[in-house]
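Accompanying notes for the structure given below.
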Amino acid sequence: MRYYLKKLYHIFFPPKKNIEKKYKLGNIKHHNTLVDTLIPQFVEIGDDFVSAPGSVILSHDASLFIHTGQYRCEKTKIGNKVFIGANAIILPGITIGDGAIIGAGSVVTKNVSPYTVVAGNPAKLICNVNDYVEKCKNRDVLYNPPKSFLNIFKGERISPQQVIEFQDSIQEQHNRKS
């Protein structure tokens with residue numbers, strides 16, 4: 001019985017090392033998202049995509065499987081220059097417009113307009129991106145990263161040394177503001 005369950009588990013959730021990337025992906029910049037492993041072909045991600053750890057993009061829903069023996073599968077589209085926060089979940093069939101920001105922990109159940117900020121469960125409109133930038137400027141919480149961080153726009157990962165450099169830079173800038 002355990003062998004059967006293990007075999008069944010690997011049919012529905014194949015080990016990551018055996019999965020090839022089957023979803024459409026633009027010129028990625030920094031990608032920490034788990035993309036649907038059952039129907040990755042139904043996920044499209046645009047250029048300059050940045051996502052935080054724990055975020056998930058789904059293209060299928062198995063909730064009806066025990067009732068109907070069928071899956072709900074819909075294309076999920078992520079536009080260009082989109083940011084998805086930590087542990088956010090994008091449900092199947094959602095379209096996220098260019099330049100949108102998805103807040104950490106959000107559950108996106110409806111399409112997101114371009115250049116808007118959404119957050120919450122379910123995700124709701126907070127403001128547009130320009131208003132969000134102004135709010136952050138007014139609160140004086142924007143910091144310049146070290147130049148080495150610009151390597152992310154070349155498709156390179158940030159090294160542990162660059163993280164330390166970033167932390168030191170932020171602390172220094174914060175001390176000057178205080």
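As the structure is a computational prediction, the values presented were derived from the model and not from experiment. What's counted below: heavy atoms across the whole structure, side chains too, no hydrogens, waters or symmetry copies.
A search for side-chain hydrogen bond (donor to acceptor under 3.5 Å, both in side chains) contacts involving Glu165 returns Ser148, not counting sequence neighbours. Asp168 meets the side-chain hydrogen bond (donor to acceptor under 3.5 Å, both in side chains) test with no other residue; sequence neighbours excluded. Listed by chain and residue number, Asn175 satisfy the side-chain hydrogen bond (donor to acceptor under 3.5 Å, both in side chains) test with Gln171 (two or more places apart in sequence, or in another chain). By the side-chain hydrogen bond (donor to acceptor under 3.5 Å, both in side chains) test, Glu172 is found to be paired with Arg176, residues two or more places apart in sequence or in another chain being considered.
Checking side-chain atoms of Ser106 against main-chain N and O of Ile102 turns up no donor-acceptor pair under 3.5 Å. Here the side chain of Thr68 pairs a donor or acceptor atom with the backbone of Gln70 at under 3.5 angstrom. A donor-acceptor pair is defined here as one N or O able to donate and one able to accept, closer than 3.5 Å; no such pair exists between the side chain of Glu74 and the backbone of His60.
No single ILVMFWY cluster, assembled from side-chain heavy atoms under 4.5 Å apart, contains both Ile164 and Tyr143. Residues Phe65 and Ile39 are members of one and the same hydrophobic cluster, defined by side-chain heavy-atom contacts under 4.5 angstrom among Ile, Leu, Val, Met, Phe, Trp and Tyr. Grouping the Ile, Leu, Val, Met, Phe, Trp and Tyr side chains by contacts below 4.5 angstrom, directly or via other members, places Leu34 with Phe49.
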Would you mind writing out the side-chain donor-acceptor pairs for residues 75-98 within the sub-3.5 Å range, not counting sequence neighbours?
residue	atom	partner	partner atom	Å
Thr76	OG1	Leu58	O	2.6
Thr76	OG1	Gly93	N	3.1
Asn80	OD1	Asp47	N	2.7
Asp98	OD1	Asn80	N	2.8

Show every donor-acceptor pair shorter than 3.5 Å between a side-chain atom in residues 116-129 and any protein atom, with sequence neighbours excluded, or say none if there are none.
residue	atom	partner	partner atom	Å
Thr116	OG1	Ser113	O	2.7
Asn128	OD1	Asn130	N	3.0
Asn128	OD1	Asp131	N	2.7
Asn128	ND2	Asp131	OD2	3.4

Exercise for the section: For Val35 and Thr37, run side chain to side chain contact (heavy atoms under 4.5 Å, CB included): C-alpha distance rounded to whole Å, both residues' side-chain angles, the deciding distance at 0.1 Å, then the answer. Expected result: CA-CA 6 Å; Val35 174; Thr37 57; over 6 Å; no

Practice task
Would you sort out whether Ile101 and Tyr132 count as a side chain to side chain contact (heavy atoms under 4.5 Å, CB included), showing the intermediate values?
Solution key: CA-CA 10 Å; Ile101 297 173; Tyr132 183 55; 4.1 Å; yes

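Here the CG-CG distance, from Leu142 to Asp140, works out to 8.0 Å after rounding to the nearest 0.5 Å. In this structure, CD in Gln162 is found 12.5 Å from OG in Ser169, a value given to the nearest 0.5 Å. Going from atom CD of Glu44 over to atom OG of Ser59 covers 11.0 Å, rounded to the nearest 0.5 Å.
Between Ala62 and Tyr71, the shortest heavy-atom contact is CB-CE2, 3.3 Å.
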